[in-house]
Amino acid sequence: MKKFYQFIVGCVLLAVSLCIGHSTQTQAAVRLNQTNATICIGGKTTLEVSGAAGPVKWTTSNKKVAKVGSAGVVTGISKGEAMITAAVGKTKYQCRVIVNETYGASISSVTLKRESSVLFTFTKDAVVSYKIQDPDICGAEWGRWSGNEIPLNLTPKKVGVTYITCSNGANQETVRIRVRVQKVPVNMLHLLAETSDGGDFICGENKMKITLRQDRKSANTILYLIGRNGETIRTKEFGAVAARKNHSFLWDGKDEKGVDYEGEFRLKVVADGYTTRNWHYYRSYAKSPFFSGTGTRDHPYQVTSAEHLERMAQFPSRHFVQTQDIDLRSDIISQIFSEEHPFMGTYNAKPQEQNFKILHYNGNTSLFGVIGVEGELNDVIISDARITGTGQEQSAVLAEVNQGMLMNCAIEEAVIYSASATDAALLAVENSGIIDRCRVHGTIYTYGCMAGGVIYNRQRVIRTKVEADLNLSASGEVANKEELYVGGIAAVNEQTAFIDACESNSKIQAAGTLHTPSRLYMGGIVGRNAGQVRDGGALGQFPLESTSNLVGESNGGMIAGENDGMITGVTYYETTGRKTSATGSGRENSLKPLRNGNVEGA
């Protein structure tokens, strides 16, 4: 019987202890998120009671300093100090609130697991600085202003507790923030994808090397390749990763199902639960967008069709080779490159011994458009092109603008026809790059504008030969254009430009009426020379009869229509009634006239 009573007493005591323990745990779980806070007049901070079983009643000790709403939002009213009380049943929890005149913070205590921020609100202009008690635990940096608020961005460095004190040098007001670093995140110092050969990523032709480097070690790092729609394309588990060392993954382009992936993707890394995203999108091609290749100098894209020529516009910085003749007789192609997206790569139509051609191009302006400063066209041959420039301000066969290099290119049997005022060029309208060893044969018909192998030469044309019929018909459309220029190599050779060792076998014809104040300048090599013309020859026919049907002010010279620069060492045919330069104040030295084969009166 005695043992039975002892058993009953033991059970009662156990039950009482469990009840007391449960009550103690419940009581311990109730807490106020802030016990001290500093805000400014008009500023706010939010107090929260966690773990409360019943309703929370909020009160303030001084309504003139700070007020508190039913949700625990405290608002600063005037400079001073107030005690905010949260009552949960009979238990009270208090937060001491200081209201500054100048500025305050959104919170007074923060726990960091990753980068976070504390928002400061200002009511007046102030010069506020901060000091970190232990800068080894966390770092801080001001963010960007938004209205009268600015964030103080905090970066965890080491587990521990420190304090940040902010001070206003004008009135000595301070704000003190307690910072507890609970965990330090793993950050990516480097996260990049690049192809093994530097070209575009083509499945089966090259591989994508993805490299990451962390600022600290991790127990488990996982790499995800994410598509445009958020889908996971491929996953790579690295496992444990050391700090500050490169770790790489060589991807062959196949997705989780083993299929070659076509589309864009980005990189995401999760290291011990911390996520880093690289929002740059990379591109994967299941097969080459051209016949083959990856677009590098060593492995260029192979161009074999009109479709490939048009597609080049999507790859303006890549390298190309033409590996067969391309007939555009049945295709309509607008210019490939533009001012917004100039060609900055290389195009070679003679990859080995055979030089391939582009045949029967038809358009209203040049095929290649704009060649950028790093762009190169090598051994490009455009044969039997027909350009209708009507309605265009400028038209050309090869390029509208060249800022790079045109090397060993050829225009064969081209015709440019415009029934309107169009600047027409067989090579390029504007050249501010290098044109070297090119060959041109074609005809231009234009109404009252400028014509030549090039219209504006601003840099250098070298060892280039032009054999062209340049036909200008003057009309009322040019009444507002004061000066017109026509030249075999260039219409205008500008002040710092050179025409070196070039040969023009061009014929110039002009007819119609020039309306005042329009004036026409024509030259076998250049319409107007302000730069230098050296060596070479003006060997075309330019008799007086070729301009006899032109009414108005015109000037024609066997070399230049107007020379305000330097002409040296040029060979030309002497022609009755034609000077070497029709007008201008430039200089001429060591010219080489030819009497044999004289074309005077022809």
Side-chain angles (χ1 to χ4, degrees), residues 112-117 139 141 143 153-157 183-290 293-299 301 311 314-319 341 344-345:
L112 300 181
K113 293 182 180 179
R114 52 174 47 86
E115 289 186 357
S116 186
S117 62
E141 186 178 26
N153 299 319
L154 307 178
T155 303
K157 293 182 178 180
K183 190 176 181 180
V184 180
V186 178
N187 295 308
M188 291 296 131
L189 301 176
H190 179 82
L191 180 58
L192 182 69
E194 53 189 357
T195 56
S196 54
D197 64 354
D200 294 317
F201 183 36
I202 316 293
C203 298
E205 299 220 22
N206 56 4
K207 294 190 177 181
M208 182 67 81
K209 183 180 180 181
I210 303 170
T211 305
L212 61 87
R213 184 169 66 250
Q214 303 174 176
D215 65 343
R216 60 189 67 251
K217 67 179 181 180
S218 65
N220 187 29
T221 294
I222 305 173
L223 168 69
Y224 297 91
L225 275 60
I226 308 297
R228 271 287 184 184
N229 297 321
E231 73 280 13
T232 299
I233 300 164
R234 185 69 186 270
T235 302
K236 168 63 178 177
E237 294 191 13
F238 285 93
V241 169
R244 300 184 180 277
K245 291 185 178 180
N246 287 342
H247 300 267
S248 299
F249 166 53
L250 208 58
W251 185 39
D252 59 5
K254 297 186 182 297
D255 62 16
E256 299 283 24
K257 296 180 182 179
V259 178
D260 289 340
Y261 179 69
E262 175 79 29
E264 293 181 311
F265 67 94
R266 59 179 175 84
L267 309 177
K268 183 179 83 169
V269 175
V270 179
D272 288 350
Y274 289 97
T275 301
T276 300
R277 295 177 176 87
N278 182 342
W279 289 101
H280 173 78
Y281 278 89
Y282 303 90
R283 179 65 192 253
S284 172
Y285 296 93
K287 63 178 182 178
S288 177
F290 298 88
T294 62
T296 65
R297 286 186 182 271
D298 295 332
H299 198 195
Y301 282 128
R311 194 171 292 157
Q314 303 172 32
F315 303 84
S317 298
R318 290 305 182 188
H319 304 277
H341 303 286
M344 302 292 277

Looking at Tyr285, Tyr282, Phe290, which hits side chain to side chain contact (heavy atoms under 4.5 Å, CB included) with Asp200?
-> Tyr285

Name of the residue among Arg234, Met208, Lys209 meeting side chain to side chain contact (heavy atoms under 4.5 Å, CB included) with Phe249 = Arg234

Kindly determine whether Thr155 and Glu115 satisfy side-chain contact (heavy atoms from CB on, under 4.5 Å), including the steps that lead there.
-> CA-CA 5 Å; Thr155 303; Glu115 289 186 357; 3.7 Å; yes

Give the C-alpha distance, both sets of side-chain angles, the deciding distance and a yes or no for side-chain contact (heavy atoms from CB on, under 4.5 Å) between Val241 and Lys217.
-> CA-CA 6 Å; Val241 169; Lys217 67 179 181 180; over 6 Å; no

Salt-bridged, Asp260 to Lys254, with N to O below 4.0 Å?
-> yes

Look at Glu194 together with Lys207 and state whether they make a salt bridge at an N to O cut-off of under 4.0 Å.
-> no

Is the count of non-hydrogen atoms from other residues, nucleotides or ligands lying under 6.0 Å from Glu141 atom CD greater than 12?
-> no

Just wondering, are more than 12 heavy atoms of other shown residues or ligands nearer than 6.0 Å to NE2 in His247?
-> yes

Gly199 and Arg318 have their tightest heavy-atom pair at C-NH2, 3.5 Å

Minimum-distance pair of heavy atoms, taken over all atoms of Ala286 and Glu262 | N-OE1, 2.7 Å

[X] side chain to [Y] side chain, donor-acceptor N/O pair below 3.5 angstrom:
{"X": "Glu205", "Y": "Ser288", "value": "no"}
{"X": "Thr296", "Y": "Asp197", "value": "no"}
{"X": "Arg213", "Y": "Asn246", "value": "yes"}

Distance in Å, Ile202 CD1 paired with Thr195 OG1, rounded so as to fall on 0.5 Å steps | 9.0 Å

At what distance, to the nearest 0.5 angstrom, does CZ of Arg244 lie from CZ of Arg216?
-> 8.5 Å

Expected output: side-chain Asp255 to main-chain Lys257 donor-acceptor under 3.5 Å | yes

Does the Ser284 side chain pair with the main chain of Tyr261, one donor and one acceptor, at a distance under 3.5 Å?
-> yes

Output, in order, the C-alpha distance, side-chain angles, deciding distance and verdict of side-chain contact (heavy atoms from CB on, under 4.5 Å) for Thr235 and Leu223.
-> CA-CA 6 Å; Thr235 302; Leu223 168 69; over 6 Å; no

Check side chain to side chain contact (heavy atoms under 4.5 Å, CB included) between Asn153 and all other residues, then give those that pass, not counting sequence neighbours.
-> Ser117, Pro151

Does the pair Val269 and Phe238 meet the rule for a side-chain contact (heavy atoms from CB on, under 4.5 Å), with working shown?
-> CA-CA 10 Å; Val269 175; Phe238 285 93; over 6 Å; no

Arg297: what forms a salt bridge (Lys or Arg N to Asp or Glu O under 4.0 Å) with it, not counting sequence neighbours?
-> none

When the aromatic ring centroids of Trp251 and Phe265 are compared, is their separation below 6.0 Å?
-> yes

